[in-house]
Amino acid sequence: MSSQESARTLSQKVAAGLKAWRFGSVLGVFLVVVAALGWRLVDLHVVDNDFLRKQGDVRTIRVETIDAHRGVVSDRYGEPLAVSTPVQTLWANPSETDPSEPRLANLARVLGVSEVRLRERLATYAGREFIYLRRKVQPGLAAKAMELDIPGIYTRQEYRRYYPAGEVTAHVVGFTNIDERGQEGMELAYNEWLSGEPGRKRVLKDNRGRIIKDLTLIRDAAPGHSLELSIDLRLQYLAYRELKAVVSAHDARGGTLVMLDVGTGEVLAMVNQGSYNPNDRSQLAPENLRNKAITDLFEPGSAMKPITIAAALETGEYSANATIDTSPGYRRFGRFTIRDHRNYGVMSLSDIIVKSSNVGISKIATDLGGDTIRNLYARLGLGQPTGIGFPGEAVGVLPAPPKWRPVEVATLSYGYGMSVNALQLAQAYMVIANGGVRYPLSLMKLDAKPVGERVLSEQVTAEVRAMLGDAVSKGTGKRAQPGFYSAGGKTGTVHLVGAQGYEDNQYKAIFAGMAPIDNPRIVTVVAVDAPQSGEYYGGEVAAPVFSRVMSDALRLLNVKPELDVSATMGLQSSGSGKRG
């Protein structure tokens with residue numbers, strides 16, 4: 001054999017050996033991999049099968065939130081004023097929903113949304129797993145949407161706040177936002193108390209995200225606490241009805257009415273005009289959101305004259321039989337002049353209230369001094385918070401200059417140069433009504449009579465109540481007589497303040513009073529802004545509202561009538577009284 005053939009043979013043997021070695025190596029590696037995989041399968045399924053179960057659970061078991069319903073707000077007799085009802089929220093997983101899905105057109109019609117906008121949103125958020133389609137809809141509508149069986153469309157239960165009394169209690173109760181968080185009124189003031197604590201649970205879901213089974217409860221949902229207000233819904237309704245009627249009849253800018261329980265300081269009714277329906281936010285006007293009885297200030301005018309008389313009686317320098325010479329019917333303080341409607345001459349303290357004499361009350365104030373009057377105003381709660389805890393409360397202005405100018409003392413005596421809200425004015429009259437005790441005001445129902453602070457003597461308040469009774473029976477408040485019940489109160493008519501100062505032709509008509517006058521049960525303050533129908537005096541506009549509201553309220557509270565029919569008819573047919 002030649003050397004070339006020997007070399008070729010050797011080369012072939014080497015190549016065959018390498019080929020056999022390569023094949024053996026690959027086969028060996030393959031067998032090792034197969035063995036390893038086989039062992040891993042055996043290990044996962046037989047030896048350590050918990051691993052696969054855990055990994056499967058991670059992909060199908062989720063922790064879901066359990067919504068907690070908000071606490072119920074009710075009136076003093078348990079009538080619901082705010083409740084949370086179960087509703088459905090529709091949402092989508094855009095990663096599972098094809099924006100070109102034909103059934104989306106039907107879904108858009110069911111939900112009342114734009115089809116184009118719906119498809120655009122699904123395309124825009126295709127990388128997300130959650131978007132809202134429509135929140136808090138009726139279960140029937142949600143059921144119609146789910147009947148379309150569109151991939152990636154789901155529902156979840158939530159709660160929606162509903163207000164049975166609507167606009168009647170809107171300013172007291174307030175409202176929540178879409179996430180059940182208080183935005184106004186008691187809903188805001190007691191948001192933490194009313195809010196529930198959401199729960200958590202583990203659930204098993206299918207590959208479409210639908211809950212198949214509840215597995216374990218991690219924490220149960222805790223519902224919010226209930227809130228029982230001092231409001232009597234019956235009185236709230238009638239107060240709202242009468243206030244709305246007078247604002248409409250006189251084409252007024254607005255109005256306020258506050259009613260207090262004389263013996264406890266509880267707010268039985270509090271209404272305003274204009275109002276809003278918290279169940280329908282589509283027509284919500286920001287200017288109507290304020291609870292004007294607490295947030296808006298005004299000069300109380302002649303409604304403060306009985307308080308000045310009380311300050312005079314308290315000093316001991318004046319008696320109920322004292323007289324004041326008001327001639328010639330006016331007083332000058334530099335460039336300022338205070339006038340009565342005519343020269344009343346010599347007047348008793350009661351006549352000053354009955355005829356609403358500015359000259360008479362200013363002379364008493366000049367004798368007393370500004371500090372004496374102001375101190376009583378402050379003791380009655382004017383110019384300071386009521387402590388009622390309502391959001392946005394305005395405390396008012398009670399002047400305290402280092403040195404009183406004579407004109408400042410005079411105007412303070414009949415309610416100018418100061419400001420109060422309607423609730424503060426009602427509190428001041430409550431003290432006169434109950435014999436001189438100032439109780440803390442409350443929008444919450446009280447289980448026991450609160451501890452009050454005596455600020456006036458029973459004798460002084462009894463004498464002032466008698467004068468207020470005269471003001472209704474024969475003075476400027478004749479039209480405030482509440483049917484078959486006796487009443488006492490004082491009118492007020494003040495100029496409204498505009499951007500340029502006092503407006504010549506814009507007034508606030510006020511009446512503050514109590515009934516029955518011999519043993520008062522309720523105090524009510526009525527204020528009507530800018531009546532436009534020709535009548536604007538407190539005795540013409542506000543007093544009739546007081547009459548109608550108090551008559552019905554006392555009847556609802558089972559207070560025994562005090563006056564016979566003939567006497568009442570005689571009072572109602574007598575002169576109306578147009579001053580104050």
Which residues share a salt bridge (charged side-chain N to carboxylate O under 4.0 Å, His left out) with Glu393, sequence neighbours left out: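 Per chain and number, Glu393 pairs via salt bridge (charged side-chain N to carboxylate O under 4.0 Å, His left out) with no residue.
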Salt bridge (charged side-chain N to carboxylate O under 4.0 Å, His left out) against Glu187, all qualifying residues, sequence neighbours excluded: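 With neighbours one apart ignored, the set is Arg70, Arg161.
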Can I get a per-line list of side-chain donor-acceptor pairs under 3.5 Å for residues 246-255, giving both atom names and the distance, sequence neighbours left out?
residue: His250; atom: ND1; partner: Ser533; partner atom: OG; Å: 2.7
residue: Arg253; atom: NH2; partner: Gln506; partner atom: OE1; Å: 3.4

Please enumerate all residues that pass side chain to side chain contact (heavy atoms under 4.5 Å, CB included) together with [X], with sequence neighbours excluded.
X: Asp296; result: Arg290, Lys292
X: Val346; result: Thr323, Asp325
X: Asp518; result: Glu562
X: Pro401; result: Pro399, Trp404, Glu408

Of all pairs that satisfy ring-ring contact (aromatic ring centres under 6.0 Å, His included), the ones with a partner from residues 506-529, not counting sequence neighbours: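 Every pair satisfying ring-ring contact (aromatic ring centres under 6.0 Å, His included) with a residue in residues 506-529: His495-Tyr507, Tyr507-Tyr536, Phe511-Phe546.
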Pairs where residues 262-315 contributes a residue and the test ring-ring contact (aromatic ring centres under 6.0 Å, His included) is met, not counting sequence neighbours: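 Those involving residues 262-315 are His171-Tyr276, Phe175-Tyr276.
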side-chain hydrogen bond (donor to acceptor under 3.5 Å, both in side chains) against Ser275, all qualifying residues, sequence neighbours excluded: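 Here no residue qualifies.
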side-chain hydrogen bond (donor to acceptor under 3.5 Å, both in side chains) partners for Asn291, two or more places apart: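 For Asn291, the residues satisfying side-chain hydrogen bond (donor to acceptor under 3.5 Å, both in side chains) (neighbours in sequence not counted) are Asn272.
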Exercise answer: donor-acceptor pairs, residues 420-433 side-chain atoms, under 3.5 Å, sequence neighbours excluded:
residue: Asn421; atom: OD1; partner: Leu423; partner atom: N; Å: 3.1
residue: Asn421; atom: OD1; partner: Gln424; partner atom: N; Å: 2.7
residue: Asn421; atom: ND2; partner: Ile294; partner atom: O; Å: 3.2
residue: Asn421; atom: ND2; partner: Ala394; partner atom: O; Å: 2.9
residue: Gln424; atom: OE1; partner: Asn421; partner atom: N; Å: 3.1
residue: Gln424; atom: NE2; partner: Gln384; partner atom: O; Å: 2.8
residue: Gln424; atom: NE2; partner: Val395; partner atom: O; Å: 2.8
residue: Tyr429; atom: OH; partner: Ala303; partner atom: O; Å: 2.6

